[in-house]
Chemist: 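One structure follows; several queries about it will come next.
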Amino acid sequence: MASTAGYLARRAAQKERVRLLYRRALKDTLNWAVHRHLFYQDASDLRDKFEANRHVDNLDVVDRLIDDAEAQYRNFQHPDPYIVPWAPGGTKFTRNPPPPQGIEIVYNYGKED
């Protein structure tokens, strides 16, 4: 019974690693593709690479495949990834920060009663 639980736990961890790797690689593919029609082809190729090893059952082989794929991902990561402008690290992040505490903003300036 313990071996079955260990097998299932290891298999679940592998599935999670593959899911995260695929998601990171797909987002990084968007950094390399300038236009959407190029991205769709690259994303399809990436999916085919993952699907080619979908039915491998040996846990050690799966671990080796995941390690190789993670090394390849680190090798081909984009050096200057796209960051949404208003996200942390983006060009517009905290460009207009909220005013400090104690400063009162009058929105109806000139229209007071």
Chemist: Determine, step by step, whether Asn75 and Gln77 satisfy the side-chain contact (heavy atoms from CB on, under 4.5 Å) criterion, reporting the C-alpha distance in whole Å, the side-chain angles of both residues, the deciding distance to 0.1 Å, and the verdict.
Modeler: CA-CA 6 Å; Asn75 234 4; Gln77 262 185 319; over 6 Å; no
Chemist: Under the criterion side-chain contact (heavy atoms from CB on, under 4.5 Å), I'd like the reasoning laid out for Asn31 against Phe39: C-alpha separation, chi angles, the key distance, then a yes or no.
Modeler: CA-CA 9 Å; Asn31 290 328; Phe39 166 72; over 6 Å; no
Chemist: Ignoring hydrogens, what is the shortest heavy-atom contact between Ala33 and Asp42? Give both atom names and the distance.
Modeler: CB-OD2, 4.2 Å
Chemist: Give me the atom names and distance for the closest heavy-atom approach of Lys49 to Asn53.
Modeler: O-ND2, 3.9 Å
Chemist: Could you work out, with side-chain hydrogen bond (donor to acceptor under 3.5 Å, both in side chains) as the rule, every residue matching Arg36, not counting sequence neighbours?
Modeler: none
Chemist: Are Phe50 and Tyr73 linked, directly or through intermediate hydrophobic residues, by side-chain heavy-atom contacts shorter than 4.5 Å (ILVMFWY only)?
Modeler: yes
Chemist: Which pair of heavy atoms, one from Leu59 and one from Gln14, lies closest together, and at what distance?
Modeler: O-NE2, 3.0 Å
Chemist: Do side-chain atoms of Ser44 reach the backbone of Tyr40 as a donor and acceptor pair under 3.5 angstrom?
Modeler: no
Chemist: Starting from Val61, can I reach Tyr7 by hopping between I/L/V/M/F/W/Y residues whose side chains sit under 4.5 Å apart?
Modeler: no
Chemist: Between Asp60 and Arg64, is there a salt bridge with N-O shorter than 4.0 Å?
Modeler: no
Chemist: Kindly indicate whether the side chain of Arg47, heavy atoms from C-beta on, has any atom under 4.5 Å from the side chain of Tyr22.
Modeler: yes
Chemist: Would you call Arg10 and Asp63 a side-chain contact if the rule is heavy atoms closer than 4.5 Å?
Modeler: yes
Chemist: For Ala69 and Leu21, which heavy atoms make the closest approach, and how far apart are they?
Modeler: CB-CD2, 3.4 Å
Chemist: Phe76 and Trp32: which non-hydrogen atoms are nearest, and at how many Å?
Modeler: O-NE1, 3.2 Å
Chemist: Side chains of Leu26 and Leu30, heavy atoms from C-beta outward: is any pair under 4.5 Å?
Modeler: no
Chemist: Can you find a pair of side-chain heavy atoms, one from His55 and one from Asp57, that are under 4.5 Å apart?
Modeler: no
Chemist: Using 0.5 Å steps for rounding, measure from the CZ atom of Arg24 to the CZ atom of Arg19.
Modeler: 10.5 Å
Chemist: Side chains of Asp68 and Gln72: do they bring a donor and an acceptor to under 3.5 Å?
Modeler: no
Chemist: Same cluster or not: are Val56 and Ile66 linked, directly or through other Ile, Leu, Val, Met, Phe, Trp or Tyr residues, by side-chain heavy atoms under 4.5 angstrom apart?
Modeler: yes
Chemist: Taking all non-hydrogen atoms of both residues into account, name the closest pair between Thr29 and Ala43 and its distance.
Modeler: CG2-N, 4.2 Å
Chemist: Using side-chain heavy atoms (C-beta onward) and a distance below 4.5 Å, is Lys15 in contact with Val18?
Modeler: no
